[in-house]
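To start, the structure itself, in C-alpha cells.
On a predicted model such as this, the values are computed, not experimentally measured, just so you know. The chains referred to below are lettered A, B, ... by the order of the sequence lines, with proteins before strands, and numbering in each begins at 1.
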Number of protein chains: 2
Amino acid sequence: MTDKKIIPMSDDIATPARRPLTLRDVSEASGVSEMTVSRVLRNRGDVSVATREKVLKAAKTLGYVPNKIAGALASSRVNLVAVIIPSMSNMVFPEVMTGISEVLDDTPLQPVVGVTNYLPEKEEEVLFEMLSWRPSGVIIAGLEHSDASRAMLQAAGVPVVEIMDVDGEPIDAVVGISHRRAGREMARAIVKSGYQNIGFLGTKMPLDHRARKRFEGFTEALAKEGIEVMDQEFYSGGSALAKGREMTEAMLKRSEDLDFLYYSNDMIGAGGLLYCLDAGINVPSDLGLAGFNGVELLDGLPRKLATMDSGRKEIGREAARIIAGRTDGSITESGQRIELTPKLEPGETLRRYR
Amino acid sequence: MTDKKIIPMSDDIATPARRPLTLRDVSEASGVSEMTVSRVLRNRGDVSVATREKVLKAAKTLGYVPNKIAGALASSRVNLVAVIIPSMSNMVFPEVMTGISEVLDDTPLQPVVGVTNYLPEKEEEVLFEMLSWRPSGVIIAGLEHSDASRAMLQAAGVPVVEIMDVDGEPIDAVVGISHRRAGREMARAIVKSGYQNIGFLGTKMPLDHRARKRFEGFTEALAKEGIEVMDQEFYSGGSALAKGREMTEAMLKRSEDLDFLYYSNDMIGAGGLLYCLDAGINVPSDLGLAGFNGVELLDGLPRKLATMDSGRKEIGREAARIIAGRTDGSITESGQRIELTPKLEPGETLRRYR
DNA sequence: CATGGCTGTGTTATCGCTAACCTCTCCGAT
DNA sequence: ATCGGAGAGGTTAGCGATAACACAGCCATG
C-alpha cells in the first residue's frame with residue numbers, strides 16, 4: 001500500500017467515517033493480512049488463538065460487516081435459496097415458509113422470497129431476477145411453468161424443488177400432495193356419508209392449477225358414482241370469508257336441493273359455515289360442508305369444518321431438506337420425489353356414515 | 001484469451017454445457033466487446049440498433065442470465081431493500097409487504113424479507129446478515145432495537161425507515177401510527193358509549209412493544225375517566241381465533257360484571273365475538289367488543305367487530321416511497337416522519353352513544 | 001543433522017461485471 | 001478546410017473478498 005486514497009471525511013466527528021469498511025481496514029487495525037482476517041471471520045483454516053482474538057476485537061470495534069457480495073463472487077458460493085410462491089396473503093404460503101426456515105436455520109442457507117401473484121409472466125420475471133443472484137437452490141410452487149422458466153431452471157445448474165403439487169412432470173425434485181387425489185378422496189368421503197346434491201365453490205383462477213386439479217379429481221370421482229356437481233360458483237378478490245358467506249347464500253337460494261357444499265379453500269368454507277349457522281341451517285344433517293387446507297384458523301370456528309390437511313409446513317421442511325442436502329453434498333442424487341398424503345379431517349360438518 | 005479452460009462437458013448432449021455463462025460468452029457469440037454487451041443489457045450508453053439486436057439475440061439464444069453479484073460488486077449498487085419484520089404469519093405483515101411491493105415494483109429496487117420472531121437477538125442476527133449484502137435501504141418494524149442493532153443501522157450509511165410505530169426516537173425516518181394514541185382513542189370511544197366494566201385480552205408478548213403501548217394508552221385514558229381495567233388475560237401460541245374464544249369464555253365466567261372486552265388484535269377479537277354469539281350474549285347492548293388492526297377477515301364475520309385500522313398497506317407504501325426517493329436522489333433530506341392516523345371503525349359491536 | 005510434516009501466515013490471481021477513460025468516425029457549423 | 005461534438009464502441013483498472021499456493025518456523029523421526 002503505497003498510495004493512500006483520498007477519503008472524503010465525514011464532517012461529523014462522531015460518525016466514524018462514511019467510507020464502508022473493508023477487510024483491509026480490519027487487517028490494518030489488527031496488524032495481520034487480509035487473508036488472516038478473512039480466515040478468522042469465517043472460522044476456517046488454522047489461526048492462532050492470539051491472532052484470532054486480536055482480529056475479532058478489531059472487527060468488533062470498527063463495527064465491520066463483511067461484504068457478502070464480494071465474498072460470494074470470490075468463492076462462487078451464494079448461500080441463498082430462492083423461494084418462489086404465488087402469494088403471501090394466502091395463509092398457506094407463510095406456513096410453507098415457516099417449514100423452510102425451520103430447516104434452513106440449521107444450515108448456512110437463507111431463503112429469499114419472490115411472489116408471482118399466480119402470473120406466469122411475473123413468475124418468469126421473478127425467477128430471472130432471483131437466478132441472477134446465483135442462488136444455491138430454488139424452491140418453486142407448482143409444476144406448471146412457462147417454457148422460458150423451465151429452461152432457466154434447467155440451465156441454472158442448481159437443485160430445483162417444485163412444491164405443493166405432484167401431479168405432473170417435475171424438472172428435478174418435487175415435494176407435495178396430489179391435488180387430484182385430494183379432490184377424489186373428498187368426493188368419496190362425501191358420497192359415502194350419503195350426500196347426493198353437491199355444489200362447488202371456488203376461486204376464479206384459471207392459473208391456480210392446484211385448485212383446478214382438486215376440482216377435476218373431485219368431479220371425476222363423483223362421476224364414477226354417477227353424480228354430477230349440481231351447482232358451482234367462482235369468485236375473485238375481496239375477503240375470502242365474506243365471499244364464502246355471500247356465495248353460499250346465493251347458491252343455496254338458487255339451488256334449494258343442495259345437501260353438500262365443497263369449498264376450494266378453508267377460508268371461504270368458514271364463511272359458508274358462518275352463514276349456515278346464522279341462517280339456522282342444520283349442519284351437517286341437512287347440509288354438509290367441507291373445505292381444503294387444514295388451516296389453524298378453523299380451530300376457533302363454532303363448528304369444526306371438514307377439511308383435508310395439505311401438510312404445508314411439512315412440504316416446506318422436506319423441500320428445504322433436499323436443497324440443504326444437495327448443497328452440502330450429503331445428498332448426491334437428484335430428482336427426488338416426495339408425495340405426502342393429504343389427511344381427511346372430518347370435523348363436524350360431515351355426517352358420520354353408518 | 002489464449003488459454004482455454006478445460007470444461008467438464010456434460011455427458012448429455014442436449015444440455016448446453018455446465019459452465020455458467022458469462023458476459024464473455026455473449027460477447028464472443030455476438031462479436032462485440034463485453035462492455036458493449038453490458039451496455040446493451042443495461043440499456044445504458046449509446047449502442048447502435050443493429051448491435052443491440054445482435055447482442056440481445058445472442059444473449060437469448062445462449063440463455064444468458066447476468067450475474068448480479070458481480071454487477072453489484074463492480075458498481076457498488078445493490079438494488080435490494082432489506083425489510084425486517086417480526087413475523088410472517090400475522091396477517092398484518094404480509095399486508096405491509098404488499099404495500100412495499102406495490103411501490104418498489106415501479107423502481108429497480110427489490111424487497112428482501114427477514115423475520116425476527118420478536119426476538120432482539122434474532123433481529124440483530126438478521127440485520128447483520130442483511131447488511132452484509134449491502135442493501136440500498138432498510139425498512140424495519142418498530143423503534144425498539146438493541147444497541148448493537150442501532151449501531152449497525154447508523155453505520156450502514158443507507159436510508160433506514162422504522163415502521164408501524166411512531167412512539168419513540170427513530171434512527172432516521174419513521175412511518176407509522178401512535179399505538180399509545182390508538183389505545184387512548186379506543187378507550188375514550190368505549191367510555192363514551194357508556195361501558196364501564198372493561199376487560200382486556202392480549203398476547204403474552206413482553207417484546208411486542210406496539211401491543212404494550214396500546215395497552216398503556218388504553219389504561220391511561222381509562223384512568224383519566226376514573227376507570228380501571230377490571231380483568232385481563234394474556235395468551236401465547238395456538239390459533240388466535242380459538243384462543244380468543246377460550247379466553248373470552250374463561251373471563252366472562254370469572255368476571256360476571258364485565259360489559260366490554262378490548263382485544264389486542266382482531267383475530268382473538270373475532271374468536272371472542274363468535275363465542276359471544278354462540279353463547280347468546282347480547283352484543284353490543286350487554287357486552288361490547290373491540291379489536292385492533294382492521295383486517296379484511298372481519299368483513300365476513302356475522303357481526304362486524306369494532307376495530308381501529310392500523311393502515312398497514314399505507315405504511316408499507318410510504319416507507320417504500322422514502323427508500324425509493326432517497327435512493328434515486330429525488331429526496332435528499334433524511335429523518336422524515338410520517339404519522340398516520342388510526343381510524344376507529346365502530347362496526348356493530350360498540351353501542352352507538354346517543 | 002537432514003528430511004518431512006505440521007502450523008500459522010502472507011502473496012497472487014482471479015471471480016464477473018462496470019466506471020472511467022479513450023479512440024475513431026462522421027457530420028454540421030463556421 | 002477546420003473544428004467541436006455526438007455517436008459507437010473498445011481498453012484498463014478496479015470492486016472486496018477467497019482459493020490456491022508459497023513459505024517460514026518448529027517439532028519429531030530415523
Heavy-atom side-chain proximity of [X] to [Y] below 4.5 angstrom:
X: B/N79; Y: B/S136; result: yes
X: B/E125; Y: B/E129; result: no
X: A/R134; Y: B/N67; result: yes
X: B/V55; Y: B/V32; result: yes

For the side chain of A/R39 and the base of C/dG10, is some donor closer than 3.5 Å to an acceptor across the two?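 Indeed, a donor on one side and an acceptor on the other fall under 3.5 Å apart.
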
Starting at atom [atom1] of [X], determine the distance to atom [atom2] of [N], rounded to an integer number of angstrom.
X: A/R134; N: C/dG16; atom1: CZ; atom2: C1'; value: 9 Å
X: B/R77; N: C/dT18; atom1: CZ; atom2: C1'; value: 8 Å
X: B/L23; N: C/dC17; atom1: CG; atom2: C1'; value: 6 Å
X: B/M35; N: C/dA19; atom1: CE; atom2: C1'; value: 7 Å
X: A/K54; N: C/dT9; atom1: NZ; atom2: C1'; value: 11 Å
X: A/R24; N: D/dG14; atom1: CZ; atom2: P; value: 12 Å
X: B/L73; N: C/dG16; atom1: CG; atom2: C1'; value: 9 Å
X: B/R52; N: D/dG9; atom1: CZ; atom2: C1'; value: 13 Å

Can you check whether [X] has a side-chain N or O nearer than 4.0 Å to OP1 or OP2 of [N]?
X: B/S48; N: D/dG9; answer: yes
X: B/R42; N: C/dT18; answer: yes
X: B/Y64; N: C/dG16; answer: no
X: B/S38; N: C/dT18; answer: yes

Name the closest nucleotide to the [X] side chain, picking from [options].
X: B/N67; options: C/dG8, D/dA8, C/dG16; answer: C/dG16
X: A/D46; options: C/dT9, C/dG8, C/dT18; answer: C/dG8
X: A/S75; options: D/dT18, D/dG16, C/dG10; answer: D/dT18
X: A/T36; options: D/dT18, C/dT18, C/dG10; answer: C/dG10

Need to verify one output field. Residue with the more 5' nearest nucleotide on DNA chain D, B/G31 or B/S76?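 Going by which nucleotide is closer to the 5' end, it is B/G31.
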
Scan B/R326, B/Q336, B/R337 and name whichever one has a side chain to side chain donor-acceptor pair (under 3.5 Å) with B/D172.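 Only one of B/R326, B/Q336, B/R337 forms a side chain to side chain donor-acceptor pair (under 3.5 Å) with B/D172, namely B/R326.
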
Reading DNA chain C from 5' onward, which residue's closest nucleotide shows up sooner: B/E34 or A/E34?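 Its nearest nucleotide lies further toward 5', so the answer is A/E34.
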
